[in-house]
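Report on the following structure.
Computed from a predicted structure; not experimentally measured.
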Amino acid sequence: MSNQDLVLLDQTDGTAGTAGTSGTADCCPGLLTAPLDEDQAAELAKVFKALGDPVRLRLLSMIASRAGGEVCVCDLTPAFDLSQPTISHHLKLLRQAGLIDCERRGTWVYYWLVPEMTDRLAGILTRPAGAPFLDGTTS
């Protein structure tokens, strides 16, 4: 994946929402409520592409599940049989996709989840309440 493939998605749409809907209505309807237009699909594909690598998915999971909400890169690197520059590259791609953010503190960089983006993805993938399942039943 080249660096030109990823762009940071607008996370400051100014809408106030609850978890699972923040910014979703303005950006992207749920997949089961309306088809995505070409721009919405291209924007979302970049985020899903960042999540499409097992290392990046594990990194995101480790960051998201960390007590205190943030983790030092020094704690992430030993969990993988990869070099530190490779881990940093994967973290950079997650950052460019808007899934995580970071801050340098002295020698180390600390990462945290951007909950607005994961809430946005959840809202897009969530079936609307009362929508029928394929077998015709509802929730």
Separation between [atom1] of [X] and [atom2] of [Y], rounded to the nearest 0.5 Å:
X	Y	atom1	atom2	value
L44	R120	CG	CZ	6.5 Å
F48	L125	CZ	CG	4.5 Å
L51	L121	CG	CG	6.5 Å

Under 3.5 Å, which donor-acceptor pairs do the side chains of residues 73-82 form with other protein atoms, sequence neighbours left out?
from, atom 1, to, atom 2, distance (Å)
D75, OD2, R66, NH2, 3.2
T77, OG1, V73, O, 3.1

Heavy-atom closest pair, residues [X] and [Y]:
X	Y	value
L113	P115	O-CD, 3.1 Å
K49	R56	O-NH2, 3.7 Å
G106	R104	O-CG, 3.4 Å
D101	V114	N-CG2, 3.8 Å
A50	L94	O-CD2, 4.1 Å

*Go through the steps for E116 and D119 under the test side chain to side chain contact (heavy atoms under 4.5 Å, CB included), then give the verdict.*
CA-CA 5 Å; E116 296 83 7; D119 290 348; 5.7 Å; no

*Flag the pair M62 / V71 as yes when at least one side-chain heavy-atom distance between them is below 4.5 Å, and no otherwise.*
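SC-SC contact between M62 and V71 ruled out.
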
*Quick one: are L91 and I63 in side-chain contact, heavy atoms under 4.5 Å?*
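Side chain of L91 against side chain of I63, heavy atoms only: contact under 4.5 Å found.
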
*Examine distances only and state if a side-chain atom of R95 and a backbone atom of G98 form a donor-acceptor pair shorter than 3.5 Å.*
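Checked: no pair found.
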
*Are M117 and W112 connected in the hydrophobic side-chain network, where two residues link if heavy atoms are under 4.5 Å apart?*
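No; W112 is not reachable from M117 via cluster members.
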
*For R105, what residues pass the salt bridge (charged side-chain N to carboxylate O under 4.0 Å, His left out) criterion, not counting sequence neighbours?*
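Here the qualifying residues are E70, E103.
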
*asked:* Restricting to side chain to side chain contact (heavy atoms under 4.5 Å, CB included), what partner residues turn up for S61, sequence neighbours left out?
replied: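 S61: no side chain to side chain contact (heavy atoms under 4.5 Å, CB included) contacts found.
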
